[in-house]
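The block underneath contains the structure these notes are about, expressed in C-alpha cells.
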2 protein chains.
Amino acid sequence: MKLLIEQLLDMLKALSDKTRFRIFWILQKADAELCVCEIIDALDENQYNVSRHLKILKFSGLVKERKQGKFVYYSISRAGTKVYQALLDMVSSISDKQLPYDAYRLKQRLARRVNGRCVIGMH
Amino acid sequence: MKLLIEQLLDMLKALSDKTRFRIFWILQKADAELCVCEIIDALDENQYNVSRHLKILKFSGLVKERKQGKFVYYSISRAGTKVYQALLDMVSSISDKQLPYDAYRLKQRLARRVNGRCVIGMH
DNA sequence: AAAATATATGCATATATGTGCATTTATATA
DNA sequence: TATATAAATGCACATATATGCATATATTTT
C-alpha cells in the first residue's frame with residue numbers, strides 16, 4: 001500500500017495539535033470505537049472543537065468513522081502501511097502518566113457503557 | 001529517558017512542514033553530519049529558509065549542530081527514546097522514490113566531498 | 001586590517017490555524 | 001408531527017506560521 005508524502009505530512013500535522021493528539025491517543029488506548037460524546041467527556045473539551053478536530057483527523061487518514069443512528073463512532077484507521085504503524089507505535093509509547101486526566105476520564109466514561117455500548121450521550 | 005508530551009508535539013509540528021521534513025529526511029538518509037550548504041544544495045532551497053528551518057528542527061530536539069570554523073554541521077540527534085526511534089523509523093520508511101530530486105541532489109553533492117568533508121561551500 | 005564567505009536574524013506580509021458562539025443537520029423518540 | 005438530542009458547520013477573530021528581502025554576525029583568508 002502506497003503513501004504519498006503529502007498524506008504523511010497531513011498525518012503529522014494532524015497529530016501535532018495537542019487536542020488532536022489526545023483524541024488519537026485515547027482512540028488508540030481504547031482500542032475500540034468511541035462515540036463523539038465519549039471523546040468529549042474523556043478530553044473534557046467542548047463539542048464543536050472535538051467535532052472539528054475529528055474531521056481533520058479523519059481527513060488525514062488517521063481515523064475512520066461509522067454512523068449509527070444519531071451516534072457517530074470513531075476509531076483508528078489501521079491502515080497497513082509501515083509509516084502508519086510507526087506513527088501508531090509512537091503514539092502508543094506515550095504512557096497514561098503523560099495524559100493522566102484523559103486516561104482517567106476515559107476509563108470512568110467507558111465504565112458507564114452498557115453491554116459495551118454508549119447509552120449516555122451528552123449531558 | 002523521559003519525553004514530555006509537549007516536546008513530542010514540537011517534534012511532530014517540526015516534521016509536519018515539508019521543507020523541514022525533507023531536511024530531516026536527508027539527514028537521516030545521509031546518516032552523517034551535513035553542513036548547511038550541502039543541505040541547501042540538496043533541497044535546492046534558499047539559504048535563509050534552510051537556516052530558519054534548521055533552527056526549528058534543532059529547537060524541537062530532532063537535530064543537533066556542531067560548529068567548526070565557518071561551517072555548521074547538522075545531524076539527527078539520536079536521542080534514545082522509544083518515541084524518537086519510532087519517529088525515525090517512520091521517516092526512514094520514506095523511500096528515495098518519494099523524494100527523488102532531493103535524493104539525487106544529495107548524492108551529487110556528497111560526491112564532491114574531499115576526504116569525506118565538504119570543501120565547496122556555497123556558490 | 002580588509003575582504004570574502006558561511007550562516008543567522010530582524011522586519012514586513014500573506015496565509016494558515018485554532019477557538020468561541022450561534023446555528024444547522026440528521027436521527028430518534030414522544 | 002413536534003420535540004429532543006448527537007454531531008457538524010458558518011462566521012468572526014486572534015494568533016501562529018512560512019517566506020522574501022535586507023542585513024548582521026562570525027570566521028577565515030588575503
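We name chains A, B, ... by the order of the sequence lines, and we start the count at 1 in each one. Only this structure's heavy atoms are used, side chains among them; waters, hydrogens and symmetry mates stay out.
OP1 or OP2 of C:dG18 has not a single side-chain nitrogen or oxygen of A:Asn49 nearer than 4.0 Å. An OP1 or OP2 oxygen of D:dT17 is reached within less than 4.0 angstrom by a side-chain nitrogen or oxygen of B:Lys13. One finds no side-chain N or O of B:Lys70 lying less than 4.0 angstrom from the OP1 or OP2 phosphate oxygen of C:dT7. Contact between the side-chain N/O atoms of B:His123 and the OP1/OP2 oxygens of C:dT5 is not found at any separation under 4.0 Å. Distances shown here put every side-chain N or O of B:Asn46 at or beyond 4.0 Å from the OP1 or OP2 atom of D:dT19. Checking the phosphate oxygens (OP1, OP2) of D:dA8, a side-chain nitrogen or oxygen of A:Ser51 falls inside 4.0 Å.
A side chain to side chain contact (heavy atoms under 4.5 Å, CB included) with A:Ile23 holds for exactly one of A:Ile40, A:Ile39, A:Leu62; it is A:Ile39. When B:Glu45, B:Arg22, B:Arg20 are each tested for a side-chain hydrogen bond (donor to acceptor under 3.5 Å, both in side chains) with B:His53, only one passes: B:Arg20.
Residue contacts for B:Tyr73: at a heavy-atom cut-off of 4.0 Å it reaches no nucleic acid atom on any strand shown. Among the atoms of the strands shown, only primed sugar atoms or phosphate atoms (P, OP1, OP2) are found under 4.0 Å from some heavy atom of B:Ile120. Within 4.0 Å (heavy atoms only), B:Met122 reaches at least one base atom of the nucleic acid. Residue-level contact check: A:Lys67 touches neither bases nor backbone, having no heavy atom under 4.0 Å from any strand.
With contacts defined as side-chain heavy-atom distances shorter than 4.5 Å, the pair B:Val72/B:Arg66 does not qualify. Two residues are said to be in side-chain contact when any heavy atoms from C-beta on lie closer than 4.5 Å; B:Val50 and B:Leu54 meet this criterion.
Taking atom CD1 on A:Ile23 and atom C1' on C:dG18, their separation rounds to 13 Å, with Å as the unit. The separation between A:Arg109 atom CZ and D:dA6 atom C1' is 11 Å, rounded to whole Å. Per the geometry, NZ belonging to B:Lys58 stands 7 Å off P belonging to C:dT9, to the nearest Å. Separating the NE2 atom of B:His53 from the P atom of D:dA18 is a distance of 6 Å, rounded to the nearest angstrom. Between A:Leu54 atom CG and C:dT19 atom P there is a gap of 13 Å when expressed in whole angstrom units. Rounded to an integer number of Å, the gap from CD of A:Glu38 to C1' of D:dA6 is 12 Å. The CZ atom of A:Phe59 sits 14 Å away from the P atom of D:dA8 (whole-angstrom rounding). Taking atom CZ of residue A:Arg52 and atom C1' of nucleotide C:dT24, one finds them 14 Å apart after rounding to whole Å.
Heavy-atom contacts from other residues, nucleotides or ligands closer than 6.0 Å to CZ of A:Arg113 number more than 12.
Note: the hydrophobic cluster containing B:Leu9 also contains A:Leu43 (ILVMFWY, side chain heavy atoms under 4.5 Å, direct or indirect links).
Nearest-nucleotide positions on DNA chain D place A:Tyr48 closer to the 5' end than the other of B:Asp17 and A:Tyr48. Between A:Gln68 and A:Thr19, the one whose closest nucleotide on DNA chain C sits nearer the 5' end is A:Thr19.
Not a single donor-acceptor contact under 3.5 angstrom links the side-chain atoms of A:Arg20 to the base of C:dG18. Residue B:Gln47 places no side-chain atom within donor-acceptor reach of the base of C:dA6, judged by atom type and a 3.5 Å distance cut-off alone.
The side chain of A:Phe71 has D:dA7 as its nearest neighbour among D:dA7, C:dT7, C:dG20.
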